[in-house]
Engineer: 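Have a look at the structure that comes next, please.
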Amino acid sequence: MTLDNDSPYLVFSRQAWSELRDTVHQPLTEAELARLRGINDKVSPAEVRDIYLPLSRLLNLYIKAKQRRSKVLDQFLRKEPRHLPYIISLAGSVAVGKSTTARIMAALLARWPQHPKVALVTTDGFLYPNSELEARGLMHKKGFPESYDIRRLVQFVSDIKSGKPRVTAPVYSHLSYDVIPGAEEVVEQPDIVIIEGLNVLQSGMDYPHEPHRVFVSDFVDFSIFVDAEPSLLKTWYVERFLKLRDGAFSDPDSYFHHYAQLSQAEAVATASRIWQEINYQNLKQNILPTKDRAELILTKGQAHGIEQVWLKK
Ligand SMILES: Nc1ncnc2c1ncn2[C@@H]1O[C@H](COP(=O)(O)OP(=O)(O)O)[C@@H](O)[C@H]1O
Ligand SMILES: CC(C)(COP(=O)(O)O)[C@@H](O)C(=O)NCCC(=O)O
């Protein structure tokens with residue numbers, strides 16, 4: 001662990017962080033490993049053990065402390081004990097691996113008896129539909145602050161945090177590249193909610209066009225940023241695009257069906273252009289500046305390996 005008195009973070013190497021897991025209480029069974037491989041077969045069991053088990057242990061301690069504190073408050077106020085969810089936000093660039101990290105964390109956190117019900121929500125459902133983005137001239141700004149219905153997103157998180165029994169989120173499809181009309185994801189009083197998206201650490205300053213007083217972060221108990229060098233992110237974005245070209249894009253219903261015909265070289269050029277013109281610009285302008293608001297930063301190197309963990313003091 002590196003101690004720099006001026007930095008708000010404690011910095012752990014992978015080795016130092018891995019020693020903080022609780023091997024006695026948290027061994028991974030074969031069945032669990034198989035389930036985690038189902039989430040993403042490239043994530044190594046060693047990574048889950050070294051990085052995600054200690055993280056799950058830390059979060060369990062924080063959540064138990066929070067539950068105790070809420071109980072004390074209810075007692076003091078002479079109120080019926082309420083069961084409010086613990087909210088974790090997960091931010092980072094497009095293609096850094098947020099969805100994968102979120103799914104691994106959800107699976108690991110659900111193993112604890114204190115909080116077995118974990119819900120996962122992505123903020124892409126709160127993008128304006130393509131028709132609206134087209135009307136606003138924002139089709140090439142997907143993922144930028146102005147492309148989200150931020151008030152609806154903040155209301156959604158606020159409703160969850162206030163213990164509303166049933167809260168719904170709109171759903172986005174990467175296949176149709178649009179919000180699915182009428183589709184909704186239902187969140188019914190889980191113990192933990194993980195909210196994953198580019199924008200979850202942003203604040204009012206990032207939305208001068210849409211001033212609002214409260215932000216997602218006002219309802220979040222713990223925030224995580226997944227970080228990597230932009231050159232690696234570009235490689236991962238292009239790799240994912242090539243995988244989609246061979247998979248989802250070949251579906252005639254895919255918005256990008258025409259990309260399925262591209263040669264390898266054309267596909268690399270197209271993905272590189274989308275990365276450079278949209279996602280990298282968004283990263284520089286709107287995502288990276290929010291990094292040091294996170295409680296925890298996971299820093300990735302080659303092949304998605306997490307090399308360092310930064311934890312706010
Ligand atoms: N821990 C990991 N190990 C190996 N590959 C990963 C890992 N996390 C993500 N990937 C790969 O990186 C790409 C982007 O991951 P994804 O979770 O979809 O990112 P995001 O949600 O940030 O856009 C995918 O192709 C995914 O398979
Ligand atoms: C849908 C996204 C904005 C990510 O949204 P998020 O879930 O992080 O809110 C992004 O994956 C995206 O589609 N960006 C637009 C450019 C592109 O096609 O990659």
Side-chain angles (χ1 to χ4, degrees), residues 14 36-48 50-52 55 89-106 120-130 133 138-150 152-153 156 169-179 185 194-202 216 224-228 232-249 254-256 259 270-283 286-287 290 298-307:
R14 175 170 170 151
L36 291 167
R37 265 196 297 275
I39 290 172
N40 184 324
D41 59 5
K42 288 188 293 180
V43 179
S44 75
E47 174 115 333
V48 173
D50 291 351
I51 302 293
Y52 292 104
L55 179 53
S89 67
L90 192 64
S93 167
V94 168
V96 75
K98 294 184 300 301
S99 322
T100 305
T101 290
R103 291 203 294 268
I104 295 171
M105 282 177 48
L120 243 176
V121 180
T122 62
T123 62
D124 49 13
F126 294 88
L127 284 164
Y128 287 113
N130 285 355
L133 291 175
L138 294 174
M139 265 314 265
H140 297 292
K141 293 267 175 178
K142 248 189 205 188
F144 282 63
E146 57 270 36
S147 65
Y148 291 96
D149 186 345
I150 192 68
R152 190 168 175 194
L153 173 60
F156 169 79
V171 180
Y172 184 78
S173 159
H174 284 272
L175 187 70
S176 63
Y177 203 59
D178 203 351
V179 179
E185 194 171 328
I194 302 177
I195 300 178
E196 171 240 309
L198 312 171
N199 54 9
V200 288
L201 285 166
Q202 290 168 353
V216 171
I224 301 174
F225 189 96
V226 189
D227 194 27
L232 288 171
L233 292 168
K234 179 183 174 184
T235 311
W236 298 338
Y237 182 77
V238 172
E239 281 171 3
R240 184 171 64 178
F241 188 93
L242 293 176
K243 259 194 274 170
L244 288 170
R245 181 190 61 149
D246 298 336
F249 295 166
S254 167
Y255 181 84
F256 290 121
Y259 287 159
T270 303
S272 303
R273 183 175 49 74
I274 301 174
W275 170 260
Q276 192 58 35
E277 290 176 3
I278 303 178
N279 296 316
Y280 177 56
Q281 299 308 321
N282 196 17
L283 174 65
N286 304 304
I287 304 170
T290 69
L298 300 172
T299 310
K300 286 184 167 188
Q302 293 292 337
H304 286 274
I306 292 171
E307 295 179 340

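Being a predicted model, the structure only gives us computed values, none of them experimental. First listed ligand is number 1; within each ligand, the first listed atom is number 1.
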Engineer: Return a table of donor-acceptor pairs under 3.5 angstrom between the side chains of residues 270-278 and protein atoms on other chains or two or more places apart.
Structural biologist:
unit_1, atom_1, unit_2, atom_2, d
Thr270, OG1, Glu266, O, 2.8
Ser272, OG, Val268, O, 2.6

Engineer: Quick one: look up the protein heavy atom nearest atom 22 (O) of ligand 1 and list residue, atom name and how far away it is.
Structural biologist: Lys98 N, 2.7 Å

Engineer: Do Ile224 and Met105 come close enough that some side-chain heavy atom pair is under 4.5 Å?
Structural biologist: yes

Engineer: Give me the nearest non-hydrogen protein atom to atom 5 (N) of ligand 1 as residue plus atom name, then the distance to 0.1 Å.
Structural biologist: His304 CD2, 3.3 Å

Engineer: Which part of Phe126 is near ligand 2, with near meaning a heavy atom under 4.0 Å away: side chain, backbone, both or neither?
Structural biologist: neither

Engineer: Note the single closest protein heavy atom to atom 5 (O) of ligand 2, along with its residue, its atom name and the distance in Å.
Structural biologist: Tyr148 OH, 3.4 Å

Engineer: Does any N or O atom in Ser99 lie less than 3.5 angstrom from one in ligand 1, N or O only?
Structural biologist: yes

Engineer: To the nearest 0.1 Å, how far is atom 3 (C) of ligand 2 from its closest protein heavy atom, and which atom is that?
Structural biologist: Gly143 CA, 3.5 Å

Engineer: So between Leu244, Val121, Asn282, Asn279, whose heavy atom ends up nearest atom 12 (C) of ligand 2?
Structural biologist: Asn279

Engineer: How far is atom 13 (O) of ligand 2 from its nearest protein heavy atom, and which residue and atom name does that atom have?
Structural biologist: Tyr177 CE1, 3.9 Å

Engineer: Among protein heavy atoms, which lies nearest atom 4 (C) of ligand 2, and at what distance?
Structural biologist: Leu198 CD1, 4.0 Å

Engineer: I need the atoms of ligand 1 closer than 4.0 Å to a non-hydrogen atom of Lys300, numbered in the order shown.
Structural biologist: 8 (N)

Engineer: Side-chain polar contacts of residues 120-130 - donor-acceptor pairs under 3.5 angstrom, sequence neighbours left out - could you list them?
Structural biologist:
unit_1, atom_1, unit_2, atom_2, d
Thr122, OG1, Asp124, OD1, 2.5
Thr123, OG1, Asn199, OD1, 3.3
Asp124, OD2, His174, NE2, 3.2
Asn130, OD1, Lys142, NZ, 2.9
Asn130, ND2, Tyr177, O, 2.9

Engineer: Output the list of atoms in ligand 1 that are nearer than 4.0 Å to some heavy atom of Val43, sorted by atom number.
Structural biologist: 1 (N), 2 (C), 3 (N)

Engineer: Can you sort out which atoms of ligand 1 are near Lys243, meaning under 4.0 Å from one of its heavy atoms?
Structural biologist: 25 (O), 27 (O)

Engineer: For ligand 1, which atoms have a heavy atom of Ser93 less than 4.0 angstrom away?
Structural biologist: 22 (O)

Engineer: Under 4.0 Å, heavy-atom basis, I'd like to know which part of Asn40 is in contact with ligand 1: side chain, backbone, both or neither.
Structural biologist: side chain

